[in-house]
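For reference, the structure discussed in these notes is given below.
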Amino acid sequence: MEGVSFEVVRSFNLSVFLVPFLPLLASVITLIFGKRYLREKPYILPVSALLLSFLISLKLLVDVLSGKIYEFDLYQWMVVGSLKVGLGFLVDPLSVMMLCMVTSLSFLIHVYSIGYMKGDPGYYRFFSYISLFTFFMLILVLSNNLIQLYLGWEGVGLCSYLLIGFWYEKKSASDAAKKAFIINRIGDFGFALGIFAVFYYLGTLYYHEIFPRLPQIAQTYINIGSYEVHLPFLISFLLFCGAMGKSAQVPLHTWLPDAMEGPTPVSALIHAATMVTAGVFMVSRLHPLFELSPHAMAMVALVGLITCFMAATIAPTQFDIKRVVAYSTLSQLGYMFMACGVGAFAVGMFHLFTHAYFKALLFLGAGSIIHALHHASDPNDIRIMGGLKRFMPITFWTFLIASLSIAGIPGFAGFFSKDEILVYAYFSQYPWGKLVWFVGLLVAGMTAFYTFRIFFKAFFGEFKGVEALHGHYPHESPKVMTIPLIIISFGAIFSGWLGIPEALGGGAHFQRFLEQVLGHPKLLPVDHAVEYLLMVLSIVAGLMGIGIAYLVYVKKPALEVFFSYKFKVIYNFLYRKWYFDELYHRVFVVPTLWLARTVVNLVLDSFVIDHTVNGSAKTTAFSASLFRKLHSGIVNYYNWFILLGVVIYLIYIFIR
């Protein structure tokens with residue numbers, strides 16, 4: 001595709017419109033009529049709509065590969081002074097890649113949910129919500145302006161609230177939903193300010209108009225208090241606040257592990273195909289703005305680096321299978337932002353693409369295990385698992401494929417995208433590139449370790465959950481769940497083959513395809529001998545992680561408690577997730593509750609409001625009692641009052 005000059009088609013295109021419209025239509029119909037008319041099969045419309053959207057996305061991919069880009073406004077949405085924004089669509093290499101990924105995985109997750117959610121009282125409601133979730137993500141990636149991007153951005157936030165708290169009668173689920181919603185509001189406030197700043201200084205919110213105007217602000221500084229701030233950095237920082245919230249980066253990451261309270265298909269949809277990838281997509285889409293400021297690039301790389309390392313240290317201490325995979329998502333998102341922070345935006349999106357498949361496979365595999373252990377009080381606990389290989393062979397093999405992929409073993413998708421990040425970081429012209437490479441290499445080994453910790457504890461050894469299951473034994477999931485696992489496993493293997501680097505005999509076609517939109521990274525001269533060495537080191541790190549996990553959890557299980565026993569302080573620090581939740585509780589929750597209970601309740605409510613309301617009532621009652629005594633009904637009293645009034649009036653006249 002490199003070197004192809006695109007033909008921009010600005011007229012209305014029905015195919016582009018149908019991709020998001022079909023899931024929306026299915027969601028609305030299912031929500032309104034599902035309980036009464038579609039009680040047994042509420043999934044028919046959402047599943048069919050997603051299949052059609054996926055097929056149309058493939059057709060649009062063919063169009064883009066042939067040199068077409070679609071950009072048009074469906075209608076004029078708002079006109080306020082110089083602000084003119086339409087509901088518009090943009091289909092280019094970046095958005096069409098996201099379309100194919102989102103629709104394919106969402107379709108398979110919809111199918112998987114047929115079996116996983118069967119028998120749930122909110123069966124129809126669930127399919128309506130996840131279809132609506134997909135619609136908003138499609139609106140987000142298809143947007144041709146920042147306002148529509150923000151619409152999709154807030155839409156996926158709303159749907160995450162509905163789906164994380166889907167089992168709303170469960171307090172932990174409703175609390176997790178509120179936590180996700182509130183933390184995202186913090187990031188989205190900054191994101192909104194960034195959009196305001198873009199319009200204020202550039203006069204437009206359309207991508208194709210923003211980018212040519214960026215040189216106007218490249219050397220602009222503004223005064224904030226006594227500080228002089230580079231305008232591109234300020235705007236990038238505000239926009240990145242939204243990315244930190246949506247993509248769960250430090251310090252706005254604490255909502256994502258708690259989001260595991262929702263049904264497992266929701267976890268797969270949020271972590272693999274939709275919400276958490278929105279931040280990486282936004283930074284990549286607006287990469288010319290971020291590249292104007294080296295400090296903004298450093299910020300993106302540093303936040304990704306800290307998140308990547310932090311999550312990789314927490315994951316090995318957790319016992320909830322979905323939480324371990326959730327921290328894996330935090331870590332892998334950190335990888336993507338590290339790639340963006342060294343200017344390799346196409347490589348970051350490549351990892352987003354491969355990660356979507358192997359992470360969906362990990363979550364759905366975990367869901368298959370949980371489904372088999374649903375009789376237990378806590379089916380998520382890996383300590384009651386073991387020996388599931390003989391009970392669940394399909395789940396075993398597909399989970400192994402996902403684990404090998406995320407561990408970066410050659411031949412699997414994760415190897416190609418992760419190694420590209422490490423290579424591009426090492427040869428980056430940015431001074432923090434070597435640090436990014438080192439942390440990425442370290443985390444690669446840690447990722448392999450904690451992923452295979454789950455794998456070995458779940459599938460090897462003896463089954464430990466007989467008592468927890470009250471004498472029952474687990475069984476393989478139904479075909480409606482295992483067939484999507486098998487199909488996604490092909491993506492966990494072969495999606496990386498689309499971007500095999502030139503050093504391994506490939507053409508890096510995926511990266512070249514996206515670089516037409518995302519630009520080429522700035523690299524130092526690449527030494528291929530060093531590149532091969534970096535790949536070898538990455539492979540060794542992954543194999544070492546797997547080997548240590550095998551030693552600890554299969555060969556010598558006694559070593560499992562060695563670290564927690566010998567290094568209690570460090571272990572507790574990691575087990576308590578670096579005390580972020582406790583810190584936020586002390587700094588934000590406790591003072592807020594104190595203000596609510598003292599200032600608001602005691603002072604404003606009890607003293608000001610109550611005294612105002614009750615005082616006015618008492619004043620009215622007292623005044624009424626006085627007037628009631630005056631109006632006695634005795635005529636002589638009234639005559640005296642009249643005479644007194646006349647006398648007072650005459651005195652007043654005399655004094656004047």
Original post:
With a 4.5 Å heavy-atom cut-off, do P521 and E515 have their side chains touching?
Top reply: yes
Original post:
With a 4.5 Å heavy-atom cut-off, do F135 and V28 have their side chains touching?
Top reply: no
**OP:** Would you give the length of the straight line joining atom CZ of F412 to atom CH2 of W497, rounded to the nearest 0.5 angstrom?
**Re:** 9.5 Å
**OP:** Measure across G411 and F415 and return the closest heavy-atom pair with its distance rounded to 0.1 Å.
**Re:** N-CD2, 4.2 Å
Original post:
Going by distance alone, is a donor N or O of one side chain under 3.5 Å from an acceptor N or O of the other, for S477 and Y112?
Top reply: no
Subject >> Heavy-atom closest contact (V324 atom, A315 atom, distance) >> reply: CG2-O, 3.8 Å
Original post:
Would V517 and F345 satisfy side chain to side chain contact (heavy atoms under 4.5 Å, CB included), going step by step from the backbone distance to the final call?
Top reply: CA-CA 10 Å; V517 177; F345 296 96; over 6 Å; no
**OP:** Specify whether F459 and F399 have parallel, tilted or perpendicular ring planes, treating 30° as the upper limit for parallel and 60° as the lower limit for perpendicular.
**Re:** tilted
**OP:** Taking atom CH2 of W77 as the centre, report whether more than 12 heavy atoms of other residues, nucleotides or ligands fall under 6.0 Å from it.
**Re:** yes
**OP:** Please check if the side chain of Q516 supplies one atom and the backbone of F513 the other of a donor-acceptor pair under 3.5 Å.
**Re:** yes
Original post:
Given the rule in the side chain to side chain donor-acceptor pair (under 3.5 Å) test, do S143 and Y150 qualify, once you have shown the distances and angles that lead to the verdict?
Top reply: CA-CA 9 Å; S143 61; Y150 193 72; over 6 Å; no
Original post:
Given side chains that start at C-beta, do those of M117 and Y43 come closer than 4.5 Å, heavy atoms only?
Top reply: no
**OP:** Report the C-alpha distance between V266 and F126 in whole Å, list the side-chain angles of each, state the deciding distance to 0.1 Å, and finish with yes or no for side chain to side chain contact (heavy atoms under 4.5 Å, CB included).
**Re:** CA-CA 9 Å; V266 173; F126 178 83; 3.4 Å; yes
Original post:
When you measure from the side chain of Y123 to the backbone N and O of I114, does any donor-acceptor pair fall under 3.5 Å?
Top reply: yes
**OP:** Say whether, by atom type as modelled, one donor and one acceptor occur between the side chain of T398 and the main chain of T395 under 3.5 angstrom.
**Re:** yes
Original post:
Quick one: does Q511's side chain have a donor or acceptor within less than 3.5 Å of a partner on G499's backbone?
Top reply: yes
**OP:** Would you mind reporting whether L18 and S53 have side-chain heavy atoms less than 4.5 Å apart?
**Re:** no
Subject >> Between F416 and F353, ring centroids under 6.0 Å >> reply: no
Subject >> Closest non-hydrogen atom pair, F6 against P93 >> reply: CZ-CG, 3.7 Å
Original post:
What distance separates I454 CD1 from K322 NZ, expressed to the nearest 0.5 Å?
Top reply: 12.5 Å
Original post:
Measuring from L498:CG to F510:CZ, what's the distance to the nearest 0.5 Å?
Top reply: 7.0 Å
Subject >> Donor-acceptor contact below 3.5 Å, side chain T274 vs main chain L269 >> reply: yes
Original post:
Just by distance, with hydrogens left out, do H351 and Q332 show a side-chain donor and acceptor under 3.5 Å apart?
Top reply: yes
Subject >> Nearest heavy atoms of P474 and L388, plus distance in Å >> reply: CG-CD2, 3.5 Å
Original post:
Should H271 and S328 count as side-chain neighbours, where that means a heavy-atom distance under 4.5 Å?
Top reply: no
**OP:** Given side chain to side chain donor-acceptor pair (under 3.5 Å), test N184 with Y161 step by step and report yes or no.
**Re:** CA-CA 10 Å; N184 272 278; Y161 171 77; over 6 Å; no
Original post:
Does any N or O in the side chain of N145 come within less than 3.5 Å of the main-chain N or O of Q148, such that one atom is a donor and the other an acceptor?
Top reply: yes
**OP:** Carefully, step by step, assess I183 and H253 under the rule side chain to side chain contact (heavy atoms under 4.5 Å, CB included).
**Re:** CA-CA 8 Å; I183 290 178; H253 66 284; over 6 Å; no
Original post:
Do the ring planes of F17 and F89 sit parallel (below 30°), tilted (30 to 60°) or perpendicular (above 60°)?
Top reply: perpendicular
**OP:** Indicate yes or no for a side-chain donor-acceptor contact from W255 to the backbone of G245 under 3.5 Å, with no hydrogens or angles considered.
**Re:** yes
**OP:** Could you grab the distance from atom CG of L518 to atom CG of L94, nearest 0.5 Å is fine?
**Re:** 5.0 Å
**OP:** Start with the C-alpha gap between E71 and R10, add the side-chain angles, then the distance that decides, and say whether salt bridge (Lys or Arg N to Asp or Glu O under 4.0 Å) holds.
**Re:** CA-CA 5 Å; E71 183 174 8; R10 300 198 180 275; 3.3 Å; yes
Subject >> Atom of S247, atom of L333 and distance for their closest heavy-atom approach >> reply: O-CD1, 3.2 Å
Subject >> Heavy atoms of other groups near Y168 OH, more than 12 under 6.0 Å >> reply: no
Subject >> S489 side chain vs I486 backbone, donor-acceptor pair below 3.5 Å >> reply: yes
**OP:** State, to 0.1 Å, how close L163 and P263 come at their nearest heavy-atom pair, and which atoms those are.
**Re:** O-CD, 3.6 Å
**OP:** Assess R185 against F181: is NZ or CZ under 6.0 Å from the centre of the six-membered ring, and within 45 degrees of the ring's axis?
**Re:** yes
Original post:
Would you say F490 has more than 12 foreign heavy atoms packed within less than 6.0 Å of its CZ?
Top reply: no
**OP:** Assess the side chains of S95 and D92: does a donor N or O sit below 3.5 Å from an acceptor N or O?
**Re:** yes
Subject >> Straight-line distance of S403 OG to F396 CZ, nearest 0.5 Å >> reply: 9.5 Å
Original post:
Does Y116 reach the side chain of L364, with side-chain heavy atoms less than 4.5 Å apart?
Top reply: no
Original post:
When you measure from the side chain of S131 to the backbone N and O of S128, does any donor-acceptor pair fall under 3.5 Å?
Top reply: no
Subject >> Side-chain (T264) to main-chain (G367) donor-acceptor, under 3.5 angstrom >> reply: no
Original post:
Any luck finding a side-chain donor-acceptor pair between Y206 and D73 under 3.5 Å?
Top reply: yes
Original post:
Is any side-chain heavy atom of V141 less than 4.5 Å from a side-chain heavy atom of F281?
Top reply: yes
**OP:** Kindly indicate, with the supporting measurements, whether the criterion side chain to side chain contact (heavy atoms under 4.5 Å, CB included) is fulfilled by F363 and T329.
**Re:** CA-CA 10 Å; F363 266 114; T329 300; 3.9 Å; yes
Original post:
About how many Å separate CG of L400 and CZ of F455, when rounded to the nearest 0.5 Å?
Top reply: 4.0 Å
Original post:
Is the shortest heavy-atom distance from the side chain of D63 to the side chain of N13 under 4.5 Å?
Top reply: no
